[in-house]
Amino acid sequence: MKLELKVGIAVLMSIAIIIGGIMWGKGYRLNAKRYEISVLFTNTGGLEVGANVLANGVVKGRVKHIDFQQGYVRVTAKLDDDVILFTDYLATIESPTVMAGQVLSLYTGTSLQRLTNYVDLKGSDPQGMAAVMIKLQDFTGRIEVTLNRLDSVLLDAHAIMGDTANQANLSRLMSGAAGVAEQSNELLRDNRQALEASLRDLRAAMAAARELAESLNGRSDGTMARVDSALSELTGVAGEVRTLVSNLNSDQSSIGLLMNDDEFYRKLNATLTEVDSLSYHLRTVGLRHKIVLF
């Protein structure tokens with residue numbers, strides 16, 4: 001009797017362990033605080049009631065209901081209370097492994113602005129096999145078009161290269177190019193020293209021109225200073241000439257009177273005549289008579 005009791009207890013413990021493991025794997029939590037959310041999809045991709053809810057890849061809840069709501073599919077789930085969704089969340093349906101089936105995946109977001117309403121959140125439809133096959137077919141069609149174009153190009157190239165005239169022309173072209181390259185190499189080899197000498201002369205000429213420019217720049221400063229001084233002196237001379245001309249034209253100067261007053265000129269001419277007469281008299285007669293000038 002005791003042996004049967006021990007066997008029964010062992011079996012019950014094994015069953016409890018198996019049930020506990022299944023519950024843990026399926027996401028069941030005892031005494032876990034959860035809240036309810038609902039997500040709207042246009043296609044759930046085969047998601048079933050009881051499927052796990054993953055929050056950033058961690059099992060954090062279970063799907064409770066799936067029903068239709070005005071052309072959409074509403075997925076209602078229970079989510080652990082420690083999961084916080086932000087405004088930049090993402091809700092979709094994925095298949096983590098080939099054998100695990102579909103799960104509701106939530107990516108909580110990083111905007112730090114928490115959601116205030118968890119009812120009828122917008123979900124992103126899953127990429128099921130049908131969508132994958134459509135994309136694969138489209139990709140295959142593009143590959144086929146590309147291969148057809150490549151085949152056409154190869155056919156054209158084969159037709160061009162298969163023509164004996166084109167082959168002869170291409171051969172002559174390649175031979176000519178090879179000859180030009182060889183002649184260029186020979187020309188460079190034969191004239192290498194001359195080119196190097198020309199480059200050295202050019203560098204020397206550039207250095208001499210640079211020194212000449214620096215020298216001219218240094219001299220130009222002194223030359224400009226002397227030119228400025230000469231211009232200043234010419235300006236002063238010009239002022240003095242203007243003053244002299246002004247005095248000559250003035251009626252207050254003797255020269256001005258001589259130039260502008262006819263009476264003054266007549267009297268001066270008469271005086272000079274008398275002086276000339278007196279000089280002649282003195283030379284011929286002497287000082288024996290009284291001299292009256294006016």
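Along the sequence shown, residues carry numbers from 1. For the numbers below, each heavy atom of this structure counts, side chains included, while hydrogens, waters and symmetry mates do not.
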Check whether any side-chain N or O of [X] sits under 3.5 Å from a backbone N or O of [Y] as a donor-acceptor pair, and report yes or no.
X: Asn148; Y: Glu144; value: yes
X: Arg74; Y: Asp67; value: no
X: Asp88; Y: Ser111; value: yes
X: Tyr107; Y: Thr92; value: no

*Given side-chain contact (heavy atoms from CB on, under 4.5 Å), test Thr44 with Gln102 step by step and report yes or no.*
CA-CA 9 Å; Thr44 59; Gln102 301 291 79; over 6 Å; no
What's the separation between atom [atom1] in [X] and atom [atom2] in [Y], rounded to the nearest 0.5 Å?
X: Ile93; Y: Leu54; atom1: CD1; atom2: CG; result: 12.0 Å
X: Leu40; Y: Gln69; atom1: CG; atom2: CD; result: 7.0 Å
X: Leu47; Y: Phe41; atom1: CG; atom2: CZ; result: 7.5 Å
X: Leu187; Y: Leu195; atom1: CG; atom2: CG; result: 7.5 Å
X: Ile143; Y: Leu150; atom1: CD1; atom2: CG; result: 11.0 Å
X: Lys60; Y: Thr108; atom1: NZ; atom2: OG1; result: 11.5 Å

*Please tell me if the side chains of Asn52 and Arg62 come closer than 4.5 Å, counting only heavy atoms from C-beta onward.*
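In contact.
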*Is there a side-chain contact between Val53 and Val63, using heavy atoms and a 4.5 Å cut-off?*
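Val53 vs Val63: side chains touch.
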*Look at atom CD of Glu48 and say whether more than 12 heavy atoms of other residues, nucleotides or ligands are closer to it than 6.0 Å.*
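No, because the 6.0 Å sphere around CD of Glu48 holds 12 heavy atoms or fewer from other groups.
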*asked:* Is it the case that atom CD in Glu186 sees more than 12 heavy atoms from other parts of the structure closer than 6.0 Å?
replied: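 Counting other residues, nucleotides and ligands, CD of Glu186 exceeds 12 neighbours.
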_Set of residues satisfying side chain to side chain donor-acceptor pair (under 3.5 Å) with respect to Arg149, sequence neighbours excluded_ =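 Once residues adjacent in sequence are excluded, Arg149 has no partner under the side chain to side chain donor-acceptor pair (under 3.5 Å) criterion.
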*Shared ILVMFWY cluster between Val75 and Tyr35, side chains joined below 4.5 angstrom?*
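Yes, because Val75 and Tyr35 connect within a single hydrophobic cluster, where side-chain heavy atoms sit under 4.5 Å apart.
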*Determine whether Leu79 and Tyr118 fall in the same hydrophobic cluster, where Ile, Leu, Val, Met, Phe, Trp and Tyr are linked whenever their side-chain heavy atoms lie under 4.5 Å apart.*
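Yes, Leu79 and Tyr118 fall within the same hydrophobic cluster.
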_Check this for me, if you would: do Glu182 and Arg189 make a salt bridge, where the nitrogen-to-carboxylate-oxygen distance has to be below 4.0 angstrom?_
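Between Arg189 and Glu182 there is a salt bridge, with a charged N closer than 4.0 Å to a carboxylate O.
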_If you apply the rule side-chain contact (heavy atoms from CB on, under 4.5 Å), what do you find for Arg34 with Asp80, and how did you get there?_
CA-CA 4 Å; Arg34 292 183 171 180; Asp80 289 352; 2.8 Å; yes
*Steps toward side-chain contact (heavy atoms from CB on, under 4.5 Å) verdict (Arg114, Tyr89)*: CA-CA 10 Å; Arg114 298 182 59 171; Tyr89 75 94; over 6 Å; no
_Member of Val119, Leu106, Val83 meeting the side chain to side chain contact (heavy atoms under 4.5 Å, CB included) criterion with Ile37_ =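 Looking at Val119, Leu106, Val83, the match for Ile37 under the side chain to side chain contact (heavy atoms under 4.5 Å, CB included) is Leu106.
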*Just do the side-chain contact (heavy atoms from CB on, under 4.5 Å) check on Phe68 and Val73 with the steps written out, would you?*
CA-CA 5 Å; Phe68 287 95; Val73 180; 3.9 Å; yes
*Identify the two heavy atoms, one from Ser95 and one from Gly101, that lie closest to each other, and give their separation to 0.1 Å.*
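For Ser95 and Gly101, the tightest heavy-atom pair comes out as OG-O, 3.4 Å.
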_Could you report the tightest heavy-atom contact between Pro126 and Asn43, atom names first, then the distance?_
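Smallest heavy-atom distance, with atoms named: CD-O, 2.9 Å.
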